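The structure appears right after this line, and notes come after that.
Hydrogens, waters and symmetry mates play no part in the numbers below; they use all other heavy atoms, side chains included. Here the structure is a predicted model, which means the values were calculated and not measured. For this chain, numbers begin at 1 and follow the sequence in order. As the structure lists them, so they are numbered: ligands from 1, and atoms in each ligand from 1.
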Amino acid sequence: MAPASRVLGYDTAGNGDVLLLVHGFPLDRTMWAEQLSGLSDVRKVVAIDLRGRGKSPDEEAEDWAIDLYADDIAATIDSLGVDKVDLAGLSMGGYVCFSLLRRYADKVRSLILIDTKAAGDAPEAKEAREKTAAMVREKGISELVEVLLPKLLTQDANEAVREKGRAIFENVPRETAAADSLAMRDRADYTPDLASISVPTLVIHGEQDQIMPIDAARQMAEAIPGAEFMGIANAGHLAPIENPDGVNNAIREFLSSS
Ligand code: MLT
């Protein structure tokens, strides 16, 4: 039986309209620490933990899906007592935002896509997801820290940033990381949705993102009617961690004008 949706745990700061932040893989809500503190004067910032980590513990890491993660967020939005949120997602969190927008469009006031893409996985990428799931199950998160974390940061990332990335990875149980990987393997291709996105949209991308080239993000923004695009200097794939001020300024300006 497919798992049922659930309300997620989160950290929050500030008051007013909700800005809901969806983390990437293999991460958790703590990746948004600088956005919680830096944007709480303009929104009630809510940084959720997707199921299976942090404040959303769940040991049944079987048959999870990007759509299920979106269902969980929809239930969480309802539990917050609000109709709509400004919705931001990083990378895998962006895939979840696309799913939420597809299936719960009335809950989204505006959309912020950070270091993400709309395209689904090609066959060889699907195979790599299976290898990642098997590898992390067998060897644990420390292997992902070695293999993946360096690709998510710029070569110039300082030790504090590297340590922060490592600590966030290590918060995530290995079975959860494996389930995330398989959920990403099976996600839809959201490219056909781009032309019909009708909420104000901002695309933010680290200029040195090694795993998702910035040109593709620019093209994605061009395909969304009226979308704004902002490149973030001195940042790779984890732009909100490597250049929090750049990301916060872009989000602040967008929210004040949308
Ligand atoms: C992420 O940062 O969430 C992942 O790198 C996304 C992906 O592997 O497609």
Side-chain angles (χ1 to χ4, degrees), residues 21-32 35 47-54 56 61 64-70 72-73 87-100 112-136 141 143-154 157 161-162 164-174 176-191 203-214 216-217 220 232 235-243 247:
L21 306 173
V22 190
H23 59 76
F25 165 85
L27 305 171
D28 71 6
R29 73 189 191 289
T30 62
M31 66 153 285
W32 301 111
Q35 284 66 47
I48 55 102
D49 272 325
L50 292 172
R51 62 172 59 208
R53 71 211 90 201
S56 307
W64 290 357
I66 296 298
D67 286 351
L68 177 68
Y69 295 170
D72 291 345
I73 293 177
L87 181 68
L90 174 107
S91 200
M92 179 179 79
Y95 312 154
V96 178
C97 291
F98 282 126
S99 170
L100 196 94
I112 303 169
L113 299 167
I114 308 172
D115 290 279
T116 192
K117 62 185 176 199
D121 279 358
E124 45 303 351
K126 287 184 191 288
E127 267 178 46
R129 299 291 189 196
E130 284 155 28
K131 287 193 183 131
T132 298
M135 184 266 282
V136 74
I141 284 286
E143 192 70 13
L144 268 188
V145 172
E146 296 305 315
V147 174
L148 183 60
L149 184 58
K151 296 185 192 153
L152 303 190
L153 300 171
T154 62
V161 164
R162 287 177 198 282
K164 184 168 181 184
R166 185 175 309 126
I168 300 171
F169 271 50
E170 284 171 357
N171 285 345
V172 178
R174 64 174 75 187
T176 293
D180 282 351
S181 189
L182 299 180
M184 289 192 286
R185 174 195 63 185
D186 296 335
R187 75 184 188 280
D189 177 4
Y190 299 103
T191 313
V203 175
I204 294 177
H205 214 84
E207 287 180 355
Q208 296 168 59
D209 190 329
Q210 299 175 57
I211 65 165
M212 294 189 190
I214 191 167
M220 178 173 76
I232 304 294
H237 189 66
L238 300 183
I241 295 175
E242 271 204 86
N243 188 346
V247 168

Is there side-chain contact between Thr116 and Cys97, with heavy atoms separated by less than 4.5 Å?
-> no
Heavy-atom nearest neighbour in the protein, as seen from [atom], with distance rounded to 0.1 Å:
atom	value
atom 5 (O) of ligand 1	Ile211 CD1, 3.5 Å
atom 8 (O) of ligand 1	Arg129 NH1, 2.8 Å
atom 9 (O) of ligand 1	Tyr95 OH, 2.5 Å
atom 4 (C) of ligand 1	Ser91 OG, 3.2 Å

Residue part near ligand 1, for His237, under 4.0 Å between non-hydrogen atoms = side chain
Region of Leu27 engaging ligand 1 - heavy atom pairs below 4.0 Å = neither
Got more than 12 heavy atoms from elsewhere within 6.0 Å of NZ, Lys151?
-> no
Please check whether [X] reaches ligand 1 - meaning an N/O of the residue sits under 3.5 Å from an N/O of the ligand, judged on distance alone.
X	answer
Phe25	yes
Arg187	no
Met92	yes

CD1 on Ile73 to CG on Leu100, rounded to 0.5 Å | 6.0 Å
Nearest-0.5 Å distance that lies between atom CG in Leu238 and atom CG in Leu153 | 5.5 Å
Taking Ser181 for its side chain and Ala177 for its backbone only, find out whether a donor-acceptor pair lies under 3.5 Å.
-> no
Can you list the atoms of ligand 1 that are under 4.0 Å from a heavy atom of Gly24?
-> 3 (O)
Is there a donor in the side chain of Asp115 and an acceptor in the side chain of Ser91, or the other way round, less than 3.5 Å apart?
-> no
Begin from the C-alpha positions of Arg129 and Arg187 and carry the test side-chain contact (heavy atoms from CB on, under 4.5 Å) through to its verdict.
-> CA-CA 11 Å; Arg129 299 291 189 196; Arg187 75 184 188 280; 3.4 Å; yes
